[in-house]
Amino acid sequence: MLVKTYGAAVQGIDAIVITIEVSVEIGATFNLVGLADVAVKESYQRVRAAMKQSGYEFPRRSVLVNMSPADVRKEGAAYDLPISLAILAASEVMPAGNLDRYMIMGELSLDGSVLPIKGVLPMAIKARELGYTGIIVPTANAREAAVVNNLDVYGVDTLARAVGFINGSEVIEPTVVNTREEFGKAVADFDFDFSEVKGQENVKRAFEVACAGGHNILLVGAPGSGKSMMAKRLPSILPPLTLHEALETTKIHSVSGKLKKGSMLMTTRPFRSPHHTISPVALVGGGSNPMPGEISLAHNGVLFLDEFPEFPRAVLEVMRQPLEDRVISVSRARYSIDYPAGFMLVASMNPCPCGYYNHPTKECTCMPGQVSRYLSRISGPLMDRIDLQVEIMPVPFEELSSMEAGEKSAVIRERVVKARALQTLRFNSERNVHCNAQMNSRLLADYAALDDECMARLRYAMKRFDMSARAYDRILKVARTIADLDYANRPGMTMEKAVNAPILPAHLQEAISYRNLDRSTWGSSMPS
């Protein structure tokens, strides 16, 4: 007898349907075909033991399992459940009438229990897209799949329950999640808050500007000045995820197996902080079994690179293309996959090898030229993509010992959200432009034009500090964001009026102050 069940394979962050055909005929062999990896072929042993422990006999006949499309590689143990149900139906232990209504995925333990798997969310999205009545998944993954509306999600914890549900002897209520309600409850849930940071008001302001315009930022300061501490609090002032962004982000983490047990939807922007020993493949994704890298795991969130110059040059250079295109293309001999990479880069570094260049109280022990050589570990093209470069000074004891709490993240976030809403209105008709950091030359000419006084100030700064040409566009983008923060939070200023409000000299002056490392004199000699 021939029976078909339906599962899914994940390619990139999307799923494709896998048809599992099982034929049980006279004989005594077991064959599994269809470009399956070792883990899939080992399902014979798991399925056999799970059936026995669940009270079913593995057919003592010839069993042929075909997985199509045959040219798509099938990986992992998640096909155990659809294979076992198809075998039981083909051997007439259970009816096969309802199997074609469901997409089925799950790994089997030897005792017949169903174990959680990766990539359930994109599978559920594909099941709804293709019109399946429902999806049968491990109980641990049911809430994750239930995020998808208009699809019945059935969580099973044992093979016996799955069989009972298909033959009608077991009633399993579909898992229901009010996605919008659950999402709304948790969007402001953070472990860290900027009110815990003592002093460093200028750095907090730089972070506010970076979040308001989606700008990349580099922090330069001595050890212990608070670079990592403040970077960890950055997600608390970023605009909340939209439901679309949350689904997209959750898909990536689902495919990577990074979702917490029982989680259904990511409600806060991701914060990824890989160690500087990371390999290029781990950063961009890929591998023999392709998986998203840290760049994609930070999609719609923050990628924090601490000790920036300590990362290998090859690792840093792979970020240049995704920083511009917001997508990373991984091409290998066997596959070609696109992963989303719309992240905000936050990097931190010491100013020199010893860490105390420009320190107000400690003397730098580096030899002449070491400071500039240390900075040169970061290439010009990569530095070109960092809009804000902020030098951090240690916090004085008086501020450090103060019991007064700083401004709460929620207050800062409110200003950031207003500025982002202004940009959403401004770029409503533009494709793939959502914030000021993504403006091209045409948009800069339209929305960041300077009057004569501002142009004179910018000309003076470029010559006075011998800034590079690449700083010009960055300064204009940041100045536009600072202006948006100003106008969006002015009482009585309408959004329509603020969209085209001019950049003022004060806005431009602040933007220029965020280009510390562009000055040709920075790091070229030892401080006097």
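Owing to the predicted nature of the structure, the values given are computational and were not obtained by experimental measurement.
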Undergrad: Restricting to non-hydrogen atoms, name the atom on C211 and the atom on M344 that form the minimum distance, rounded to 0.1 Å.
TA: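 So the two residues come closest at N-CE, 4.0 Å.
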
Undergrad: When rounded to the nearest 0.5 angstrom, what is the spacing between CD in E294 and CG in L283?
TA: 7.0 Å

Undergrad: Looking only at atom types and distance, does a side-chain atom of N350 sit under 3.5 Å from a main-chain N or O of G355, one as donor and one as acceptor?
TA: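 Absent.
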
Undergrad: Is it true that F311 and H275 have ring centroids separated by less than 6.0 Å?
TA: no

Undergrad: Mark yes when over 12 heavy atoms from residues, nucleotides or ligands other than E414 sit less than 6.0 Å from its CD; otherwise mark no.
TA: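 Open.
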
Undergrad: Below 4.0 angstrom, N of the basic side chain to O of the carboxylate: do E407 and R415 qualify?
TA: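 Counted as a salt bridge, because a side-chain N and a carboxylate O are separated by less than 4.0 Å.
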
Undergrad: Which residues pass the side chain to side chain contact (heavy atoms under 4.5 Å, CB included) test with D37, not counting sequence neighbours?
TA: A39, V40, R73, E75

Undergrad: So do L265 and L243 actually touch side chain to side chain, heavy atoms under 4.5 Å?
TA: yes

Undergrad: Rounded to the nearest 0.5 Å, what's the gap from OG on S236 to CZ on F194? Could you check?
TA: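 The OG atom of S236 sits 5.5 Å away from the CZ atom of F194.
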
Undergrad: To the nearest 0.5 angstrom, please state how far the CG atom of N216 sits from the CG atom of L382.
TA: 9.0 Å

Undergrad: When rounded to the nearest 0.5 angstrom, what distance separates OG in S254 from CG in L259?
TA: 5.5 Å

Undergrad: When you check the gap from the basic side-chain N to the acidic O, do E317 and R313 get nearer than 4.0 Å?
TA: yes

Undergrad: Please check this pair: side chain of R413 against backbone of L238, looking for a donor-acceptor N/O pair closer than 3.5 Å.
TA: yes

Undergrad: Using a 3.5 Å distance criterion without hydrogens, assess whether the side chain of R474 forms a donor-acceptor pair with backbone atoms of I386.
TA: no

Undergrad: Considering all heavy atoms of both residues, which atom of K477 and which atom of A437 are nearest to each other, and what is their separation?
TA: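 Answer, listing the atom of K477 first, then A437: NZ-O, 3.4 Å.
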
Undergrad: Can any side-chain N or O of K227 pair as donor or acceptor with the backbone N or O of G221 at less than 3.5 Å?
TA: yes

Undergrad: Any sub-3.5 Å donor-acceptor pair from S256's side-chain atoms to H253's backbone N or O?
TA: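 No, because the side chain of S256 does not come within donor-acceptor range (under 3.5 Å) of the backbone of H253.
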
Undergrad: May I ask you to decide if H276's main-chain N or O and E310's side chain share a donor-acceptor pair within less than 3.5 Å?
TA: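 Side chain of E310 to backbone of H276, a donor-acceptor pair under 3.5 Å: no, none is there.
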
Undergrad: Taking all non-hydrogen atoms of both residues into account, name the closest pair between M291 and V255 and its distance.
TA: SD-O, 3.4 Å

Undergrad: Taking the side chain as C-beta and beyond, is there a heavy-atom pair between I328 and S296 under 4.5 Å?
TA: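 The answer is yes; the side chains approach within 4.5 Å.
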
Undergrad: Ignoring hydrogens and angles, tell me if any N or O in the side chain of R480 forms a donor-acceptor pair with the backbone of L444 under 3.5 Å.
TA: no

Undergrad: Determine, for R426 against D484, whether the closest basic-nitrogen to carboxylate-oxygen distance falls under 4.0 angstrom.
TA: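 So R426 pairs with D484 through a salt bridge.
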
Undergrad: Using modelled atom types only, decide if a donor and an acceptor are shared between the side chain of T250 and the backbone of M266 within a distance under 3.5 Å.
TA: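 Flag set: sc T250 to bb M266 pair under 3.5 Å.
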
Undergrad: For residues F271 and S273, determine if any side-chain heavy atom of one lies less than 4.5 Å from a side-chain heavy atom of the other.
TA: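 Of all side-chain heavy-atom pairs linking S273 with F271, at least one is under 4.5 Å.
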
Undergrad: For Y356 and C366, what are the C-alpha separation, side-chain angles and deciding distance, and is it a side chain to side chain contact (heavy atoms under 4.5 Å, CB included)?
TA: CA-CA 9 Å; Y356 297 109; C366 296; over 6 Å; no

Undergrad: Could you tell me whether the side chain of I237 reaches within less than 4.5 Å of the side chain of S409, counting heavy atoms only?
TA: yes

Undergrad: Report the C-alpha separation of V390 and I217 in whole Å, then their side-chain angles, then the decisive distance to 0.1 Å, and conclude whether the side chain to side chain contact (heavy atoms under 4.5 Å, CB included) test is met.
TA: CA-CA 8 Å; V390 184; I217 183 170; 4.1 Å; yes

Undergrad: Is there a side-chain contact between R442 and E430 (heavy atoms, below 4.5 Å)?
TA: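 Result yes, sub-4.5 Å side-chain heavy-atom pair found.
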
Undergrad: State, with a plain yes or no, whether a side-chain heavy atom of S329 is found less than 4.5 Å away from one of Y339.
TA: no

Undergrad: Do the charged groups of R205 and E208 touch, with an N to O distance under 4.0 Å?
TA: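 E208 and R205: salt-bridged.
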
Undergrad: Within a strict 4.5 Å, meaning less than it, do heavy atoms of the L305 and V346 side chains meet?
TA: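 A side-chain contact under 4.5 Å is absent here.
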
Undergrad: How far apart are the C-alpha atoms of E324 and R385, what are their side-chain angles, what is the distance that settles it, and do they pass the side chain to side chain contact (heavy atoms under 4.5 Å, CB included) test?
TA: CA-CA 8 Å; E324 289 291 326; R385 289 161 173 80; 3.3 Å; yes

Undergrad: Would the distance check show the side chain of D193 and the main-chain N or O of S195 forming a donor-acceptor pair, the cut-off being under 3.5 Å?
TA: yes

Undergrad: Which atom names give the shortest non-hydrogen contact between I503 and L476, and what distance separates them?
TA: CD1-O, 4.3 Å

Undergrad: Does Q200 reach the main-chain N or O of S225 with its side chain, forming a donor-acceptor pair under 3.5 Å?
TA: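 Such a contact is found between Q200 side chain and S225 backbone.
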
Undergrad: State the CD-CG distance between E248 and L121, to the nearest 0.5 angstrom.
TA: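 Spacing of CD (E248) from CG (L121) equals 11.0 Å.
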
Undergrad: Which heavy atom in D387 sits nearest to a heavy atom in R515, and how many Å separate them?
TA: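 Shortest heavy-atom contact: O-NH1, 2.7 Å.
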
Undergrad: Does atom CG of N440 have more than 12 heavy-atom neighbours, drawn from other residues, nucleotides or ligands, at distances under 6.0 Å?
TA: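 Counting neighbours around CG of N440, more than 12 heavy atoms of other residues, nucleotides or ligands fall under 6.0 Å, so yes.
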
Undergrad: Would you say T249 and H299 are linked by a side-chain donor-acceptor pair, where the criterion is simply a distance under 3.5 Å?
TA: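 Looking only at side-chain atoms, T249 and H299 do not form any donor-acceptor pair under 3.5 Å.
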
Undergrad: Check the pair D191 / K232 against salt bridge (Lys or Arg N to Asp or Glu O under 4.0 Å), numbers first and verdict last.
TA: CA-CA 9 Å; D191 295 328; K232 289 177 182 177; over 6 Å; no

Undergrad: Could you please spell out the steps behind the side chain to side chain contact (heavy atoms under 4.5 Å, CB included) verdict for I295 and M319?
TA: CA-CA 8 Å; I295 283 178; M319 291 195 299; 3.9 Å; yes

Undergrad: Quick one: pull up NZ in K251 and CD in E144 and give me the separation to the nearest 0.5 Å.
TA: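 That separation rounds to 12.0 Å.
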
Undergrad: Heavy atoms only: give me the nearest S336-S331 pair and the separation to one decimal.
TA: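 Here S336 and S331 meet closest at OG-OG, 3.3 Å.
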
Undergrad: So Y487 and H507, would you call those rings parallel, tilted or perpendicular, with 30° and 60° as cut-offs?
TA: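 Aromatic pair Y487/H507 classed perpendicular.
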
Undergrad: State, yes or no, whether a side-chain contact exists between K418 and M495 at a heavy-atom distance under 4.5 Å.
TA: no

Undergrad: Quick one: do the N432 and Q438 side chains pair a donor with an acceptor below 3.5 Å?
TA: no

Undergrad: With no hydrogens and no angle check, do the side chains of Y514 and E510 hold a donor and an acceptor under 3.5 Å apart?
TA: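 A pair is found: one side chain offers a donor N or O, the other an acceptor, under 3.5 Å apart.
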
